[in-house]
Amino acid sequence: MNILKEKINVAIMGFGIVGSGVAQVLDMNADLVKAKVGRPVELKYILDVRDFPDSPYADKVVHDFAVIENDPDVDIVVETIGGAKIAYEFSKRALSAGKSLVTSNKELVAKHGYELLSIAKEKKVNYMFEASVGGGIPVLRPLMQCLSGNRVSEVCGILNGTTNFILTKMQREGLGFDEALKQAQALGYAEADPTADIQGHDACRKICILGTLAFGNHIYPEGISCEGITKITLDDMALAMAAGYKIKLVGRAIATEKGKVCAFVAPSLVPVSNALSTVDDVFNAITVRGNAVGEVMFYGPGAGSLPTASAVVGDVIDCAMHVEHRKGISWNDSAPERLESSDDLPFKWFVRTEKDSVPAVFAGKQPICCPDSPYNAYITDPMTAAQLTSAVGELAETAIRVFE
Ligand code: HSE
């Protein structure tokens, strides 16, 4: 990019919930953005397969990526297409064309971040992705910069707004899963295909990004265990609450005693005394434990158009202010031998049983009960997944980890 240019030009690829939010924030805060950057930051193109005749940005819509790729006046490309197919191809081409790239696309960063950062390094441009984790929450920069003097022992949190919204609605209102999901979709929280949310894949991509930044080697989603919220029932929630826990979908990346990293996503019983249990609705929270700072928590809206656009525009401003420098975001490629399976770490487990068929392992133990429930529940001593299966048989399939 040319430092003498009078203005910085931006192209947005993908004019959906996040992309349209980015256009809106650039517009409504144009004076503020200009003051920070020292020159105007203007939206030049919107790439989408659709036309938007009623949009104030209708005249900026193009359908051919080559228009952006070949325009030397485009300095920063915002990728809000999502997915890892066409977004991957366009991202590589945008970086290769010497344009800085900003994205909210966690799937792409989790799958191809190492490669895309390597291209950015070679081309001396920036690739930024603050919005890929935690929506509007500033967390990646604090982890990469402000906390970089720490040896991190764990980064964990509630990383998906849609599932947290669904669990909150079930817990508070007794709402059915399908109805809660519909509401999350109407509010623009869910992925285009919400299975990525409810089966935990979205949170998995995010814990991979956080774990990668915390521990230095790219953690790929297919290399870690991932479980969603589909097995959680209202009975589980009531019994968990009777024992002083809320059920949350939690992603964790832990430095293990063997000097490895264990990353996974799973529904978990969070004690009501833990601040994570108070994170409700679409909100997300991420806790980082470091050997100097102790524990810090980042909290805020984890999805939605303007909160996510807030993080994207922050990156756009950072790119625009670093036209002559590449910021040193990088990490090493994956090191599978450094990963430890969550199945091999001991956890306490919440096991729900029929009242009249309690496994021998719980004989003589006081059950967790709810007046109207046909079930009891028990919390085990710490054990691995295999030990749990040998203790309770197929009840292990519906058992839920306890977060400690
Ligand atoms: N579907 C995602 C969520 C969007 O619900 O958290 C934000 O990444």
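Owing to the predicted nature of the structure, the values given are computational and were not obtained by experimental measurement. Atoms within a ligand are numbered from 1 in the order they appear, just like the ligands themselves.
- Tyr114 and Tyr220 have their aromatic ring centers separated by at least 6.0 angstrom.
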Contact table, ligand 1 N/O with protein N/O, distance under 3.5 Å:
{"unit_1": "ligand 1", "atom_1": "1 (N)", "unit_2": "Tyr189", "atom_2": "O", "d": "2.7"}
{"unit_1": "ligand 1", "atom_1": "1 (N)", "unit_2": "Glu191", "atom_2": "OE2", "d": "2.6"}
{"unit_1": "ligand 1", "atom_1": "1 (N)", "unit_2": "Asp197", "atom_2": "OD1", "d": "2.8"}
{"unit_1": "ligand 1", "atom_1": "5 (O)", "unit_2": "Asn160", "atom_2": "ND2", "d": "3.4"}
{"unit_1": "ligand 1", "atom_1": "5 (O)", "unit_2": "Gly161", "atom_2": "N", "d": "3.3"}
{"unit_1": "ligand 1", "atom_1": "5 (O)", "unit_2": "Thr162", "atom_2": "N", "d": "2.8"}
{"unit_1": "ligand 1", "atom_1": "5 (O)", "unit_2": "Thr162", "atom_2": "OG1", "d": "2.6"}
{"unit_1": "ligand 1", "atom_1": "5 (O)", "unit_2": "Tyr189", "atom_2": "O", "d": "3.1"}
{"unit_1": "ligand 1", "atom_1": "6 (O)", "unit_2": "Asn160", "atom_2": "ND2", "d": "3.4"}
{"unit_1": "ligand 1", "atom_1": "6 (O)", "unit_2": "Gly161", "atom_2": "N", "d": "2.7"}
{"unit_1": "ligand 1", "atom_1": "6 (O)", "unit_2": "Lys206", "atom_2": "NZ", "d": "3.1"}
{"unit_1": "ligand 1", "atom_1": "8 (O)", "unit_2": "Lys106", "atom_2": "NZ", "d": "2.6"}
{"unit_1": "ligand 1", "atom_1": "8 (O)", "unit_2": "Lys206", "atom_2": "NZ", "d": "2.8"}

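- Distance alone, capped at 3.5 Å, places no donor-acceptor pair between the Asn332 side chain and the Asn217 backbone.
- Residues satisfying the side chain to side chain donor-acceptor pair (under 3.5 Å) test with Glu179, not counting sequence neighbours, are Gln183.
- Within the structure, ring-ring contact (aromatic ring centres under 6.0 Å, His included) contacts touching residues 56-77 (residues at least two apart or in different chains) are Phe65-Phe90.
- Contacts of Phe215 classified as ring pair (Phe, Tyr, Trp, His ring centres under 6.0 Å), with partners at least two apart in sequence or in another chain: none.
- Side chain of Glu130 to backbone of Val139: a donor-acceptor contact under 3.5 angstrom is found.
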